[in-house]
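Quick notes on the structure that follows.
When reading the values below, keep in mind they use all heavy atoms of this one structure, side chains included, and skip hydrogens, waters and symmetry mates. In each ligand, atom 1 is the first atom listed, and ligand 1 is the first ligand listed. The model shown is predicted, which means the values in this text are computed figures rather than measured ones.
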Amino acid sequence: MSKYAIAIHGGAGTILQSTMTAEKEIAYKTALQDAIEAGEAVLKKGGSSLDAVEFAIVSLENNPLFNAGKGAVFTHNGKNEMDASIMYGKDLTAGAVAGVTNIKNPISLSRAVMEKSDHVLLTGAGAIDFAKKINAEFADDDYFFVQMRYEQLQKAKESDSMILDHTEDKFENGEKKFGTVGCVALDIHGNIAAGTSTGGMTNKKFGRVGDSPVIGAGTYANNNTCAISCTGHGEFFLRSVVAYDISCLMEYKGLTLKQACDFVVMDKLVKIGGEGGLIALDAKGNIELPFNSEGMYRAKKSSDSELYIGIYK
Ligand code: ASP
């Protein structure tokens, strides 16, 4: 059997062991394990990397611990506006949604944009019309109401700032840490895929959209180079076109996955103040999980390596 590999993230930021409780740590690790196993089950059966990415992300979206789907953070107006994207490295097809409300699984809607429309990125009301047309699953406002998220919004409003989900020092309580989610996978047929899903940043206004639904910034996949899913302060990831930059460094400069990831995350992003990280893999099954923040919820597994779960630096 050819090799398969999968990696996931649950967001990066100021995640400190000193402010984490034992129960919370177990809850995060269990959630990461469940999600990666959902994706791995697909790969083990010979399924596609695209299915693995979608299934793993749906698992994370359905868990209120993460800033995506059910646990999406609140906007300034008290709404949950979600962004997501997915890309298939085999043929460079991609789909994405931005600023969608009441969609249970934005990653699945992104996939539908990719497979059932002539477009790549749908936004707001138009994306909702499309979701109705394809019978996507909706959920009411109550489903998305998570008390901790609401408290995060009140804190952010007090300081009139837009807050990255894991920017711990802005909160008194170390338990208020959540994150964007993502997955990259390689299937036994040699095809790679990437996906990212988020509620964005707490207290965001004016229809703000980050890097997560932007192909080339927060998500990218190309069988010839790499599959990438980012997490961090989206404005910096957009300006740095992070995911495509890594692919380009591999394609045009011949860098390895590790060299390209290290240069972009630990050097280029750091120089402009871009806090965050990403998960990456290539068609050989190499996996990299670089981040320049205090921590990043992350996990990886392949057909020839054990499950690894990490949270802190
Ligand atoms: N990158 C996301 C955004 O800026 C946030 C995150 O990764 O937590 O919308």
| message | I'd like to check whether M201 has a polar contact with ligand 1, where a contact means an N/O of the residue lying under 3.5 Å from an N/O of the ligand. | response | no

Among R208, M82, H9, K204, closest by heavy atom to atom 3 (C) of ligand 1 is R208

Practice item. Would you please determine whether E235 falls within less than 4.0 Å of ligand 1 on a heavy-atom basis? Key: no

task: Decide whether an N or O pair under 3.5 Å exists between T180 and ligand 1.
output: yes

query = Do the ring planes of F145 and Y150 sit parallel (below 30°), tilted (30 to 60°) or perpendicular (above 60°)?
reply = tilted

The answer for which part of E275 has a heavy atom under 4.0 Å from ligand 1 is neither

For residues 121-146, the salt bridge (charged side-chain N to carboxylate O under 4.0 Å, His left out) pairs (sequence neighbours left out) are none

Under 4.0 Å from one or more heavy atoms of G200, ligand 1 contributes atoms 9 (O)

Worksheet item: Is ligand 1 less than 4.0 angstrom away from at least one heavy atom of G179?
Response: no

Check your understanding: Does the distance from a Lys or Arg side-chain N to an Asp or Glu carboxylate O, for E235 and R208, drop under 4.0 Å?
Key -> yes

Does any N/O atom on G232 come nearer than 3.5 Å to any N/O atom on ligand 1?
yes

Is it true that the side chains of E61 and S197 contain a donor and an acceptor less than 3.5 Å apart? yes

In ligand 1, the atoms that come under 4.0 Å of a heavy atom of D211 are 1 (N), 2 (C), 3 (C), 4 (O)

Distance-only N or O hit between ligand 1 and T231, under 3.5 Å: yes

With heavy atoms and a 4.0 Å threshold, my read on which part of S212 contacts ligand 1 is side chain

Answer yes or no: is there an ion pair linking K258 with D282, defined by an N-O contact shorter than 4.0 Å? no

> Using a distance-only test with no angle check, is there a side-chain donor-acceptor pair under 3.5 angstrom linking N191 and D91?
Replying inline: no

**OP:** Would you kindly say whether T196 and S212 are connected by a side-chain donor-acceptor distance under 3.5 Å?
**Re:** no

